[in-house]
2 protein chains.
Amino acid sequence: MKNPPALDQLISSLKVLPGVGPKTAQRMAFHLLQRDKAGAEKLVRALERALTHLTHCERCNTFSETPLCSLCADEERKQHQLCVVEMPADLIMLEQAKCFEGLYFVLMGRISPMDNVGPKEVNLDKLMVRALDGKVEEVVIATNFTAEGEVTAHMIAELLKDKGLKVSRIARGMPVGGELEYVDPVTLAQAVYERRELD
Amino acid sequence: MKNPPALDQLISSLKVLPGVGPKTAQRMAFHLLQRDKAGAEKLVRALERALTHLTHCERCNTFSETPLCSLCADEERKQHQLCVVEMPADLIMLEQAKCFEGLYFVLMGRISPMDNVGPKEVNLDKLMVRALDGKVEEVVIATNFTAEGEVTAHMIAELLKDKGLKVSRIARGMPVGGELEYVDPVTLAQAVYERRELD
């Protein structure tokens, strides 16, 4: 017995979602069709709206429905600090951590030659224009501490180095509350190498 | 029905082990007596040997069967760096991380006023003598990033500050390989506050 083509197509389409394989896609499809048609319709409308209305903030490059996102439009934020992150989720994490009062730039990715993602794909041109607006004094690089995130950080630092801007990288080390016995050896080694002098 | 006193005493004695309550102690006791008498005998001998032969290394304070532990006796280690840790397990982690070639001092605890553990109980007198041997130039404090570990680090730094020694603390920040999306907010905030300038 074969599935009707429309069902096959739905199942196959659900597989575009990250982490969703054939079995999960099939279960999702059956759920939507049998139990939650209203939910499925809501999903359709949300996808349509996102596809038509969402664009990138012209300053920070994050997703926005307006030319300027609400954060960039907020004049209370410190204009002289610019924090560079890979994805909007990282920006949200930093905002939740309440540790940064400046503005952001969202790369929407990280440099990854293996996946054909180069400087252009992560909007480094746009970042340069943003960082050199004359108001920014410090660029805080907060890309992930993965191989790709580190390459990206290095390239950004290289590009900004000669422009008279202060460039910094968020710290690597022991997690707050962390115990030596339970941390991985690479992180522990880094915490020793990057130890800070106490005065 | 009551247990024979010898059994009750064994169960009660097993409760000295950390994390072992009455039920676990009872299960352990039954297991040893019914299924693994050889193991129980081995445990007796090991405990006896440890109690008679184990002492503290006179230099670094870790457990040792000889006056000087093998690490302190190793002349290849750098004599000018002294790393202070809470427990022998921390020393082992640092050795596995292969990031430090100096010598250690093991406090055998951390300052914890709530548990009546003060400077004396964590051997700060012995540490002072060790650190001021004339060869040590830098003391790297690698106590845990818990409340007690931080208090201990602070007190050690205060004591050593005026003695002309360089005192440093292993870094706090993002774990190596860490992604912003999955790290806790306090650690992320710390990583931003302790960002390092790139040159």
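Below, chain A is the first sequence line, B the second, and so on; all start at residue 1.
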## Note on the structure
Note: Thr146(B) and Gly177(A) closest approach over all heavy atoms is CG2-O, 3.9 Å
## Note on the structure
Between the CD atom in Glu86(A) and the CD atom in Glu179(B), the distance rounded to the nearest 0.5 Å is 7.5 Å
### Point-to-point distance, once rounded to the nearest 0.5 Å, from CG of Leu94(A) to CD of Glu181(B)
11.5 Å
### Message
Check this for me: Arg77(B), atom CZ, are more than 12 non-hydrogen atoms of other residues, nucleotides or ligands nearer than 6.0 Å?
### Response
yes
### Query
Tell me, side chain or backbone of Glu138(A) under 4.5 Å from chain B's heavy atoms, or both, or neither?
side chain
### Query
Tell me, side chain or backbone of Ala157(A) under 4.5 Å from chain B's heavy atoms, or both, or neither?
side chain
## Note on the structure
Greatest number of non-hydrogen atom pairs under 4.5 angstrom with chain A, of Cys83(B), Ala97(B), Pro185(B), falls to Ala97(B)
### Query
Between Pro175(A) and Phe145(B), is any pair of side-chain heavy atoms under 4.5 Å apart?
no
### Residue part contacting chain B, namely of Gln81(A), when any heavy atom lies under 4.5 Å
side chain
### Message
Evaluate Glu197(B) against Val167(A) for side-chain contact (heavy atoms from CB on, under 4.5 Å), listing each step before the verdict.
### Response
CA-CA 6 Å; Glu197(B) 192 163 349; Val167(A) 185; over 6 Å; no
### Query
Considering only heavy atoms, which portion of Ile141(A) lies under 4.5 Å from any heavy atom of chain B: side chain, backbone, both, or neither?
side chain
### Message
If I take atom CD from residue Glu194(B) and atom CZ from residue Arg172(A), how far apart are they, to the nearest 0.5 angstrom?
### Response
13.5 Å
### Message
Among Asp90(A), Thr143(A), Ile92(A), exactly one meets side chain to side chain contact (heavy atoms under 4.5 Å, CB included) together with Leu180(B). Which residue is that?
### Response
Asp90(A)
### Message
How long is the straight-line distance from CG of Asn144(A) back to CE of Met174(B), given to the nearest 0.5 Å?
### Response
6.0 Å
### Query
When you look at Leu188(A) and Ile170(B), which way does the side-chain contact (heavy atoms from CB on, under 4.5 Å) test go after all the steps?
CA-CA 8 Å; Leu188(A) 186 52; Ile170(B) 62 169; 4.3 Å; yes
### Message
Please determine whether residues Leu107(A) and Leu54(A) belong to a single hydrophobic cluster, defined as Ile, Leu, Val, Met, Phe, Trp and Tyr linked transitively by side-chain heavy-atom distances below 4.5 Å.
### Response
yes
### Task
Output the distance between atom CG (Asp184(A)) and atom CD (Gln96(B)), rounded to the nearest 0.5 Å.
11.5 Å
### Query
So do the side chains of Arg169(B) and Arg195(A) get within less than 4.5 Å of each other, counting heavy atoms only?
no
